[in-house]
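Taking it in order: structure first as structure tokens, then the write-up.
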Amino acid sequence: MEVIKKISKMKEISKNWRREGLKIAFVPTMGFLHEAHLSLVRKAKELGDKTVVSIFVNPLQFGPKEDYKEYPRDTKRDLELLKNEGVDAVFIPEPEEMYPPDFQTYVEVTRLTTGLCGAFRPGHFKGVTTVVLKLFNIINPDIAVFGEKDYQQLQVIRQMVKDLNMDTEIVAHPTVREEDGLAMSSRNIYLSSDERKSATSLYKALLLAKKLISEGEKDPQKIKKEMEKFIHSFPFTRVQYIEFIDPVNLEPVKEINKPVLCALAVFVGKARLIDNMLIN
Ligand code: PAF
């Protein structure tokens with residue numbers, strides 16, 4: 001497995017692979033890898049001839065009061081995990097390599113980023129799309145695999161790829177959960193053992209929404225209230241948002257009469273957790 005720090009080296013390797021007619025599948029990550037990342041890697045390996053994973057905690061997508069500095073990092077362990085998965089190359093640039101002092105170009109998807117996480121994390125998606133576009137330009141992948149846990153991110157990337165006529169195919173991979181339903185996330189490390197118990201409330205609230213809808217409830221406001229009451233019955237929780245949205249354009253729905261995506265963000269202690277469920 002090649003571990004590459006420099007953009008020029010990464011470009012050279014991917015150019016050579018392309019010249020040989022090999023299909024490159026790519027998984028972008030911010031490291032501190034867990035089973036959900038590894039399932040994206042396995043998907044990528046299935047789809048491509050060469051698999052590239054990037055590890056880069058992207059400063060551009062963190063707000064000034066967010067957890068960029070504390071974001072968990074363990075490169076040595078990450079590299080071991082990726083080697084065991086048979087990854088071909090890991091791109092692991094320094095922030096100065098990605099954003100030299102004269103850096104001044106950004107890419108922004110506008111409408112899809114106004115609601116949900118975008119409403120509470122100004123500039124976040126602009127940081128995500130900018131870094132993903134840069135990574136795509138450097139690695140030039142045929143395929144890139146993204147998790148459905150970050151559903152808004154997935155749709156925003158798809159929109160960018162479509163709007164900018166990019167050639168990379170975006171593949172979505174289902175959310176990977178712990179046994180008790182908690183969606184896997186690097187930020188789960190922030191949870192104390194009591195908070196960890198409360199963190200199961202997100203998935204349980206999504207199941208509650210599914211049950212209410214299957215019983216005939218069509219009013220998102222009523223379901224939201226029930227979900228909020230349920231989540232707040234767990235200690236250390238604070239709901240940031242619960243939304244019922246169209247799964248394609250992410251617009252809020254007023255009445256549930258077709259498949260709907262329920263997405264939520266909840267603080268459990270200092271950890272901000274997100275989850276979602278497509279309810280048919
Ligand atoms: O989902 C993530 O981990 C990040 O947002 C990504 C796509 C690696 C961009 O920094």
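Both counts, for ligands and for their atoms, begin at 1 and track the order of listing.
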Element-labelled atoms of ligand 1 that are located less than 4.0 Å from some non-hydrogen atom of V131 = 9 (C), 10 (O)

Report the nearest protein non-hydrogen atom to atom 10 (O) of ligand 1: residue, atom name, distance rounded to 0.1 Å.
-> Q61 OE1, 2.6 Å

Under 3.5 Å: N/O of Q153 near N/O of ligand 1 = yes

Sidechain N-carboxylate O distance under 4.0 Å for R42, E46 = no

Pairs in or reaching into residues 239-251: which pass side chain to side chain donor-acceptor pair (under 3.5 Å), with residues at least two apart or in two chains?
-> Q240-R272

Taking the six-membered ring for Trp and the single ring otherwise, decide whether the centroids of Y71 and F62 are under 6.0 Å apart.
-> yes

Protein heavy atom at shortest distance from atom 3 (O) of ligand 1 = M30 CG, 3.6 Å

K254/D219 ion pair, N-O < 4.0 Å | no

For P28, counting its heavy atoms only, list the atoms of ligand 1 lying under 4.0 Å from any of them.
-> 8 (C)

Examine R73 relative to Y68 and say whether NZ or CZ is less than 6.0 Å from the centre of the six-membered ring and inside a 45° cone about the ring axis.
-> yes

Could you say whether the N/O atoms of T29 and ligand 1 ever approach to under 3.5 Å?
-> no

